[in-house]
Amino acid sequence: MHALSHGTTSTPTTIAVPPALSLPVIEAAFPRQLHPYWPKLQETTRAWLLEKRLMPADKVEEHADGLRYTDLMAGYYTGAPDEVLQAIADYSAWFFVWDDRHDRDVVHGRPAAWWRLKERLHSALDSPADHLGHEDPVVAGLADSVQRLYTFLSGTWNARFARHFHAVIEAYDREFHNRTEGIVPTVEEYLELRRLTFAHWIWTDLLEPSAGCELPDAVRKNPAYRRAALLSQEFAAWYNDLCSLPKEIAGNEVHNLGISLIIYEGLTLEEAIAEVRRRVEECVSEFPDVEQEALRFADGLDDGTVRGKETSAAVRACLGNMRNWFSSVYWFHHESGRYMVDNWDDRSTPPYVDNEAVGGK
């Protein structure tokens, strides 16, 4: 089907959404938002990728805008101060580059290079200032983006973010091992691993600097707030699986909900696609009820004090951005060149990656 996409240009364009991936409820009930800073964001992140040598100049020129990385973040953290959104967008662009490096290290059999990178990323996360000039652009890029993210809230938030991202790095290491050994995780193993490799709690943490308020543990761990956050992230991860299944089968991937369903539950490809889609649709249909419960919780936080009013407003802002994540992720998958496998010369080699990663074979 065709749907009207409103986000990244001054004139809306008609995007063809394949029927198997079409979600009319997103198009109807989750209107797309876009941060007004987006044009500048795109320009600045493109320049940052060049400055930090995270993509070769020719790849930036040819592919950076078409990958739509900044669109994804500008459609999510819509109320963020400009400098917060810029730091998040640069970090997000770095994350995609790191994901590509991880993939190329697997494809080209570079376990020693991957191990070195993993250890250096752990170090850069804990002491970014010491790694700003690192010879590996992926290490220096993480240090630069994280050091900026660490300036917005308290040391407590920084420690939580670091703890969550250390877990993501280790999850990528488990993926490296699985892919190298050809191990397809069971459905339950995959779902647990995916929450880490998709960085569910990182993107949720970043809702707070976007809202200008660090949320107390009791608020973040409220069942309705946490469920709303999880639904928005699960939707994104599973919809990504739905859209990237052809790309990942072409690249001999082992990490996709559809692949685990085929291997361990004996589903055909068509049945696996239908099951992933069912799970995606459940996230979308459950979210509005949980959202209303979380909004009632937010109302109750306004106890007449300044702090209560601020916390209530911050929770409402975070919930609004959780809602934005549905439409931002949905349109990203149909606009970004990252998923246009049929247009690639080689379906197993994305045209925007640099095969000659630092570290060699």
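All heavy atoms count here, side chains included; hydrogens, waters and symmetry mates do not.
Relative ring orientation between F165 and F161 is described as parallel, the plane-to-plane angle staying below 30° on a 0-90° scale split at 30° and 60°. Using cut-offs of 30° and 60° for the angle between ring planes, the F326 and F30 rings count as tilted.
The structure places CE of M55 at 9.0 Å from CG of L50, a figure rounded to the nearest 0.5 Å. Here R160 contributes atom CZ and L215 contributes atom CG; the two are 7.5 Å apart, rounded to the nearest 0.5 Å. H255 NE2 to T197 OG1: the interatomic distance, rounded to the nearest 0.5 Å, is 7.5 Å.
A distance of 6.0 Å or more separates the ring centres of Y150 and W157. A distance of 6.0 Å or more separates the ring centres of F297 and Y225. Side-chain rings of W203 and Y91 approach one another, their centers coming within less than 6.0 Å. Aromatic ring centres of H333 and Y239: separated by under 6.0 Å.
Using a 4.5 Å cut-off on side-chain heavy atoms (C-beta onward), V168 and W98 make contact. Side-chain contact between L242 and L257 is absent, with no heavy atoms from C-beta onward closer than 4.5 Å. Residues Y264 and V184 have side chains in contact (heavy-atom distance under 4.5 Å, counting atoms from C-beta outward). Two residues are said to be in side-chain contact when any heavy atoms from C-beta on lie closer than 4.5 Å; I26 and V284 meet this criterion. Side-chain atoms of R120 and H134, non-hydrogen and from C-beta on, do get closer than 4.5 Å to each other. Put simply, the side chain of L49 reaches to within 4.5 Å of the side chain of V97, judged on heavy atoms.
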Inset, instruction - List the steps and the verdict of salt bridge (charged side-chain N to carboxylate O under 4.0 Å, His left out) for R277 and E281. - result: CA-CA 6 Å; R277 184 184 173 97; E281 290 174 336; 3.0 Å; yes
Inset, instruction - For side chain to side chain contact (heavy atoms under 4.5 Å, CB included), just list the numbers for T44 and T70, CA-CA rounded to whole Å, side-chain angles, deciding distance to a tenth of an Å, and then say yes or no. - result: CA-CA 10 Å; T44 305; T70 54; over 6 Å; no
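Tracing side-chain contacts under 4.5 Å through hydrophobic residues (I, L, V, M, F, W, Y), one never reaches W115 starting from F176; they form parts of separate clusters. Taken together through direct or relayed side-chain contacts under 4.5 Å among Ile, Leu, Val, Met, Phe, Trp and Tyr, W48 and V84 form part of one hydrophobic cluster. With hydrophobic clusters built from ILVMFWY side chains whose heavy atoms lie under 4.5 angstrom apart, L196 does not share a cluster with W325.
Between the side chains of S154 and E214, at least one donor N or O lies within less than 3.5 Å of an accepting N or O. If you check the side chains of S210 and N321, you find no donor sitting under 3.5 Å from an acceptor.
Closest non-hydrogen pair, S260 versus P185, comes out as OG-O, 2.8 Å.
Remark: the backbone N or O of G308 is not paired with any side-chain donor or acceptor of S312 at under 3.5 angstrom. A donor-acceptor contact shorter than 3.5 Å is absent between the side chain of D241 and the backbone of N256.
Ion pairing between R101 and D136 holds under the 4.0 Å rule for side-chain N and carboxylate O. The pair D303-K309 fails the salt-bridge criterion, with no side-chain N (NZ, NE, NH1 or NH2) lying under 4.0 Å from an Asp/Glu carboxylate O. Using a cutoff of 4.0 Å between basic side-chain nitrogens and carboxylate oxygens, D217 and R220 are scored as salt-bridged. In summary, D100 and R104 do not engage in a salt bridge, as defined by a charged side-chain N under 4.0 Å from a carboxylate O. By the 4.0 Å N-to-carboxylate-O rule, E282 lies close enough to R278 to be salt-bridged with it. Looking at E83 and K40, no side-chain N of the basic residue comes within less than 4.0 Å of a carboxylate O on the acidic one, giving no salt bridge. Between R279 and E234 there is no salt bridge, since no side-chain N of the basic residue sits under 4.0 Å from a carboxylate O of the acidic one. Salt bridge R227/E293: absent, no basic N to carboxylate O contact under 4.0 Å. Under the 4.0 Å criterion applied to side-chain N and carboxylate O atoms, K52 and D90 are not assigned as salt-bridge partners.
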